[in-house]
Asker: 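Right, I'll just put the structure down here and ask away after.
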Amino acid sequence: MINRRRFLAISAAALATPAAARSIHWQGYAMGAEVSLTLDATPEDAQIAISRVERLLKRCEEMFSLYDPNSVLSELNKTGLLRNPPREMLDLLRICGQAHRVTKGLFDPTVQPLWAALRQGGDVNDARSLIGWERVSITAERVRLDNGQALTLNGIAQGYATDLVAHALKQAGWSSVLVNIGEFYAGGRPWTMGIADPLHGLVETVALKNRAVATSSPGAMYLEGTQSHILNPDGQDPALWSTVSVTANTTTWADALSTAFCHANAAEISRTLTRSPDNPTAICVQADGTIQSIKT
């Protein structure tokens with residue numbers, strides 16, 4: 001997603017002991033962000049893993065990018081209809097539907113026309129009338145949008161790509177990995193993840209093993225005035241938090257929830273966590289830098 005949706009608010013390092021002597025670190029660019037991979041392997045084996053990751057990320061860009069006019073998502077947004085959707089697209093859209101239900105509508109990919117109107121000076125009221133995930137029809141044979149609708153997957157696709165990469169590496173025998181595709185999955189051994197806020201810098205650290213963390217910072221970019229790039233489908237009120245990080249068993253769910261929770265108060269977040277899969281927890285940073293940790 002070539003224009004960044006969020007501030008890259010996480011740094012990572014091995015917990016307690018230095019990285020293994022054979023740890024290999026690779027950096028690249030995909031999904032609109034700097035990406036990286038750390039794994040314990042020989043240089044020869046690491047190159048095999050890296051090549052596999054690069055192919056997988058190219059596939060994700062071809063499906064989920066808003067800024068590639070030939071992507072599957074761009075085709076859906078242009079025509080309103082996608083026949084025989086690829087397996088990964090269908091899987092991600094179904095998770096979007098689940099996230100929409102779990103968050104009571106705070107996660108809604110149909111905000112894309114509103115994002116475009118705010119960014120380009122279009123008719124905001126007309127764009128807002130197009131929001132509504134319940135108007136999107138999804139079957140194994142086709143995906144259909146209501147007239148005028150368009151989707152953005154920027155609030156979840158990086159997390160989904162992270163999970164695809166982590167799963168592919170694990171299937172190939174590499175389980176001790178730190179995968180960063182804009183969001184992080186820490187596998188195989190403990191890792192320390194540092195959570196940072198655009199205004200307050202490093203504010204917290206969390207230790208993760210076989211878990212993910214995703215971070216959304218509304219103040220990382222503004223579309224106009226005080227309107228954050230992370231939109232509330234129900235209104236244009238300012239985000240309630242400066243930064244929200246969510247840890248979960250999968251990066252997909254951590255990503256979706258961190259997006260939605262920017263516009264949820266602590267009580268709403270707590271209730272949503274109890275309804276959510278993958279055992280999530282939330283770390284929320286207030287405007288003054290105060291941290292509130294919320295668990296089920």
Side-chain angles (χ1 to χ4, degrees), residues 1-8 28-35 51 53-97 99-100 107-124 126-133 135-165 181-183 216 220-224 227-231 233 252 255-256 259:
M1 317 327 172
I2 301 304
N3 288 342
R4 289 289 284 142
R5 179 183 63 86
R6 69 190 71 197
F7 172 66
L8 270 180
Y29 190 87
M31 305 291 290
E34 292 182 358
V35 300
S51 296
V53 168
E54 289 177 324
R55 290 193 298 271
L56 187 52
L57 292 178
K58 185 174 185 294
R59 167 81 171 158
C60 288
E61 287 276 9
E62 291 170 349
M63 285 189 292
F64 307 134
S65 174
L66 270 176
Y67 305 101
D68 177 356
N70 297 314
S71 73
V72 174
L73 178 60
S74 292
E75 180 65 20
L76 173 61
N77 284 344
K78 282 186 292 188
T79 66
L81 178 65
L82 181 61
R83 298 187 187 276
N84 300 313
R87 176 184 59 81
E88 297 92 339
M89 176 64 81
L90 192 61
D91 183 39
L92 182 54
L93 290 180
R94 285 173 171 167
I95 297 173
C96 287
H100 182 264
F107 181 85
D108 193 324
T110 64
V111 296
Q112 177 57 24
L114 178 59
W115 194 98
L118 288 167
R119 186 70 169 172
Q120 301 165 8
D123 188 327
V124 171
D126 183 57
R128 187 171 293 283
S129 72
L130 300 173
I131 296 175
W133 180 259
R135 291 149 61 183
V136 179
S137 173
I138 302 171
T139 69
E141 292 75 31
R142 71 178 189 183
V143 178
R144 184 185 294 276
L145 307 181
D146 203 0
N147 290 338
Q149 284 191 312
L151 304 183
T152 173
L153 298 176
N154 286 8
I156 194 171
Q158 288 177 323
Y160 185 76
T162 303
D163 285 335
L164 289 180
V165 168
I181 314 299
E183 315 298 352
S216 293
M221 185 175 76
Y222 293 96
L223 300 179
E224 62 169 22
Q227 178 60 59
S228 165
H229 66 298
I230 301 178
L231 301 177
T252 307
D255 199 5
T259 302

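Start at 1 with the first residue, then count along the sequence. No hydrogens, no waters, no symmetry mates; every other heavy atom, side chains included, goes into these values.
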Asker: Without swapping roles, check the side chain of T152 against the backbone of Q112 for a donor-acceptor pair under 3.5 Å.
Answerer: no

Asker: Decide yes or no on salt bridge (charged side-chain N to carboxylate O under 4.0 Å, His left out) for E54 and K58, but give the supporting numbers first.
Answerer: CA-CA 6 Å; E54 289 177 324; K58 185 174 185 294; over 6 Å; no

Asker: Do D255 and Y160 have side chains that approach each other closer than 4.5 Å (heavy atoms only, starting at C-beta)?
Answerer: no

Asker: Minimum heavy-atom separation for A117 to A127, with atom names?
Answerer: CB-CB, 3.8 Å

Asker: Test L82 against L73 for side chain to side chain contact (heavy atoms under 4.5 Å, CB included), laying out the working first.
Answerer: CA-CA 9 Å; L82 181 61; L73 178 60; over 6 Å; no

Asker: Looking at side-chain heavy atoms only, is the closest gap between L93 and P85 below 4.5 Å?
Answerer: no

Asker: Taking all atoms of both residues into account, what is the closest heavy-atom pair of W133 and D108, and its distance?
Answerer: N-OD2, 3.3 Å

Asker: For the side chain of T162 and the backbone of Q158, is there at least one donor-acceptor N/O pair under 3.5 Å apart?
Answerer: yes

Asker: Could you give the distance from NZ (K78) to CG (N70), rounded to the nearest 0.5 Å?
Answerer: 6.0 Å

Asker: CG/L92 to SG/C96 distance, rounded to the nearest 0.5 angstrom?
Answerer: 4.5 Å

Asker: Please assess L145 against T110 for the test side chain to side chain contact (heavy atoms under 4.5 Å, CB included), listing each intermediate value before the final yes or no.
Answerer: CA-CA 9 Å; L145 307 181; T110 64; 6.0 Å; no

Asker: Would you name the heavy atoms of A140 and L90 that are closest together and state the gap between them?
Answerer: CA-CD2, 3.7 Å

Asker: Using a 4.5 Å cut-off on heavy atoms from C-beta on, say whether the side chain of I181 contacts that of D163.
Answerer: no

Asker: Check whether any side-chain N or O of E61 sits under 3.5 Å from a backbone N or O of M31 as a donor-acceptor pair, and report yes or no.
Answerer: yes

Asker: I need the S129 OG to D146 CG distance, nearest 0.5 Å.
Answerer: 10.0 Å

Asker: For M63 and M89, work out which heavy atoms get closest and say how close.
Answerer: O-CE, 3.3 Å

Asker: Identify the heavy atoms of V35 and A30 that sit nearest to each other, and give their distance.
Answerer: CG1-O, 3.6 Å

Asker: Which pair of heavy atoms, one from L130 and one from G148, lies closest together, and at what distance?
Answerer: CD1-O, 3.2 Å

Asker: Enter the distance from I156:CD1 to T259:OG1 here, rounded to the nearest 0.5 Å.
Answerer: 8.0 Å

Asker: Can any side-chain N or O of S137 pair as donor or acceptor with the backbone N or O of R144 at less than 3.5 Å?
Answerer: no

Asker: Starting at CD1 of I95, measure out to OG1 of T252 and round the result to the nearest 0.5 Å.
Answerer: 5.0 Å

Asker: Only one of T139, V143, I138 forms a side-chain contact (heavy atoms from CB on, under 4.5 Å) with E141, so which one is it?
Answerer: T139

Asker: Rounded to the nearest 0.5 Å, how far does CG of L76 lie from CG of L151?
Answerer: 5.5 Å

